[in-house]
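First comes the structure, then the notes that go with it.
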Amino acid sequence: MTEIKHTMGAEKAILDTLLDTIRDAVVLADADRRPNRLNKAFENVTGHSYRDVLNRATDHGSIAHDLLIRALAASEGGRWRGYMRCADGTDRHVDITVSPVDGTGYPPAHFVGLVRPTGGHETLDSREEVFGHDLLTGLPNRDIFYDRVNQAVLQTNRGGGSVALLMMGLDHFTLVNDALGHAAGDQLLIEVARRLRNCSRETDTVARLDGDKFALVMAIGDVDDSVIVAEKVLSVIGEPFHIGDHEVVVTFSIGIALHPQDAPTGPQLIKQAENALHYAKVSGRNQYRYFSKDMNQKAKARLDIESRIRKALANEEFTVFYQPKVRADDNVITGAEALVRWIDPERGVISPLEFIPVAEENGLIEQLGAWVLTRACQENKAWQDQGIEPMRVSVNVSARQFRGPHFVETVEAILRDTGLAPRWLELEITESVLMQDVEAAIAKMTALRAMGIGLSIDDFGTGYSSLSYLCRFPITTLKIDRAFIADVDTNPKMAEVARAIIGLSKGLDLEVVAEGCEVAEHVAFLKEHGCQTVQGFYYSKPLPATEFERMLRAKVVQHEPARPARPVRSAGSTAGKVRA
Ligand code: C2E
Ligand code: MG
Ligand code: MG
């Protein structure tokens, strides 16, 4: 214990000395991106003592404090450029690079900003829109934005594709200013800017044009991408804002124009997006409108499918099919994968590939996912209660579902309510979902494992997981993607990958399952190389619960008699990936 304290003390002294002797100006910030430590070099660059800034002891110190907050908030992408107010009232252009750090050590910082002066001291006439950036939010201003629009248009003319321009305005922003004051209004705009930046890719430009007006320009391959972004923007801005002690709910109106579809040049594109925004406002606000009628119809079709999913949930039009997992040696069923189906009264059975991506984007997946999980657990428990030999049911989990803040609690509650013992449930998660936030994923998986639930990596081999992470994830099963299985008997390279995955699972003491086994040759290969559990059309298609129950009672499944030895596969026969 004493030794640890001693080390911590030594570490603190070293870090303090380091911070105060390096020539670079440094600002440390807490988890809320508020500055909590400035070093000596910062004092040299700005002339402020750190107390003047952190305690807002002087007017200029207070301005510098505000600017630091803006810089730290604005620099999501890592960088902020703008003017810093100095102790003598002059302004100095600086470049601040912000990096997130592990906030648990000493000093307790979550963000480190390196402040580099890029100019001398100046006295500015106006604090507005310095260096092409809006001082309040740190976003590019109108001049830079217009320039970026023109660039995007030129690039598209040369390289193809489209440009989407979203012109966006907060609805009734003046009400916030009037009710809560201008400081709160400013805070809201900063937050809006941050959320908009989070919705966009690095190559897009988000700008604040003036007042409550923002704009986004992006190059897109498919015009549908603009629908996705517009819906995302409406949904993130619709989430409540916490401004001081108040919870503020605002809405956005968005006008969208496309190049080359709606306008041949940058300035005309801007004009059409303005028109579309006007149209969105007069049509009732809190919505997006395209300049073109066609696109409005397309977007409406998308919204239709969304409302149809909602209705389908309410009308119980979803059902779960089961596909057996079979022990290759003796054809005994050892488990089943639950696969959702939508039985639409008009269109018949709809594949999850069609509706899961939409449900994922609009958030309905959480409700749908919980429904599938409940149904699968209920049915599995009912089979056990009828005296059928217990088997494990595997349920697919989508990205948004897994990342949801209450995912673990939801699973726990479903198991409790249905009475299924956790060991008879397995969750299938794809690699890409786990790689998005590794630490959070490990924490959730650890909690699920602690309950006794099995965890499988689905479509293994198609994602980007690094093998070192594989050891850190508390998983129980690897599921070889069907793309590898499809060719094991004809393509030696694919066979080698499948063999390697089987070997890897053995080495890491994991169960291995092969999906997409369609012919006897696949099964023979897998058996030979030690993969015992197989799933695929060779044995059975996914079946409705009653049919699967019949199969389960028989315990053993023979391969589908009607199936030819090697079916002719079309290029797209392996189902698409819909979960990441
Ligand atoms: P997946 O989890 O990889 O599921 C396996 C898919 O492969 C299923 O497609 C299954 O019908 C198909 N399949 C099974 N055996 C064979 C075979 O021998 N050959 C070929 N070519 N395909 C085979 P399905 O049911 O259309 O589901 C597609 C994807 O949709 C699933 O891929 C999964 O990612 C997703 N999905 C299905 N149900 C759910 C669900 O309840 N929640 C979530 N989040 N995703 C789901
Ligand atoms: Mg799966
Ligand atoms: Mg799969």
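Every number for a ligand or one of its atoms is a count from 1 in the order of the listing. Along the sequence shown, the residues carry numbers beginning at 1.
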Original post:
Should the pair R308-E346 be classified as a salt bridge under the 4.0 Å nitrogen-to-oxygen rule?
Top reply: no
Original post:
So, R195 side chain and E239 main chain: donor-acceptor pair closer than 3.5 Å or not?
Top reply: yes
**OP:** Give a yes/no on ligand 1: does G516 have at least one heavy atom closer than 4.0 angstrom to it?
**Re:** yes
Subject >> Under-4.0 Å heavy-atom contact with ligand 1, by part of D458 that carries it >> reply: side chain
**OP:** Measuring from the Mg ion (ligand 2), name the closest N, O or S atom belonging to E337.
**Re:** OE2
**OP:** Show which atoms of ligand 1 fall inside a sub-4.0 Å distance from at least one heavy-atom site of Q323.
**Re:** 14 (C), 15 (N)
Subject >> Degrees at the Mg ion (ligand 3) between the OD1 atom of D458 and the OD1 atom of D459, nearest 10° >> reply: 90°
Original post:
Applying a 4.0 Å heavy-atom criterion (strictly less than), which segment of D459 is in contact with ligand 1: side chain, backbone, both, or neither?
Top reply: side chain
Original post:
Short list, please: which atoms of ligand 1 are under 4.0 Å from a heavy atom of V340?
Top reply: 38 (N), 39 (C), 40 (C), 41 (O)
Subject >> Pi-cation contact, F407 with K444 (under 6.0 Å, within 45°) >> reply: no
**OP:** Please verify whether a non-hydrogen atom of R341 lies at under 4.0 Å from ligand 1.
**Re:** yes
**OP:** Taking only Lys NZ, Arg NE, NH1 and NH2, and the carboxylate oxygens of Asp or Glu, determine whether R416 and E412 approach each other closer than 4.0 Å.
**Re:** no
Original post:
Going by the atom numbers of ligand 1, which of them fall below 4.0 Å from some non-hydrogen atom of R482?
Top reply: 3 (O), 5 (C), 6 (C), 7 (O), 20 (C), 22 (N)
**OP:** Return yes when at least one N/O/S atom of S394 is nearer than 2.8 Å to the Mg ion (ligand 2), and no when none is.
**Re:** no
Subject >> Sub-4.0 Å heavy-atom contact, K479 with ligand 1 >> reply: no
Original post:
Looking just at side-chain N and O atoms, do E431 and Y469 make a donor-acceptor pair shorter than 3.5 Å?
Top reply: no
**OP:** Number the atoms of ligand 1 from 1 as they appear, then name those within less than 4.0 Å of a heavy atom of I356, with their elements.
**Re:** 42 (N), 43 (C), 45 (N), 46 (C)
Original post:
ligand 1 versus A486, non-hydrogen atoms closer than 4.0 Å: side chain, backbone, both, neither?
Top reply: neither
Original post:
Relative to the ring of H529, is the ring of F525 parallel (under 30°), tilted (30 to 60°) or perpendicular (over 60°)?
Top reply: tilted
**OP:** Examine the proximity of ligand 1 to P352 and report which part, side chain or backbone, both or neither, has a heavy atom under 4.0 Å away.
**Re:** side chain
Original post:
So does E428 have any N/O/S atom less than 2.8 Å away from the Mg ion (ligand 2)?
Top reply: yes
Subject >> Side chain, backbone, both or neither: the part of N396 lying under 4.0 Å from ligand 1 by heavy atom >> reply: both
Original post:
Is a salt bridge present between E511 and K506, judged by a nitrogen-to-oxygen distance below 4.0 Å?
Top reply: no
Subject >> Electrostatic pair R472-E439, nearest N-O below 4.0 angstrom >> reply: yes
Original post:
Quick one: do the Q535 and K479 side chains pair a donor with an acceptor below 3.5 Å?
Top reply: yes
**OP:** Identify which of F321, W371, F537 has a heavy atom lying nearest to atom 16 (C) of ligand 1.
**Re:** F537
Original post:
Are side-chain heavy atoms of L425 and R392 found at a separation under 4.5 Å?
Top reply: no
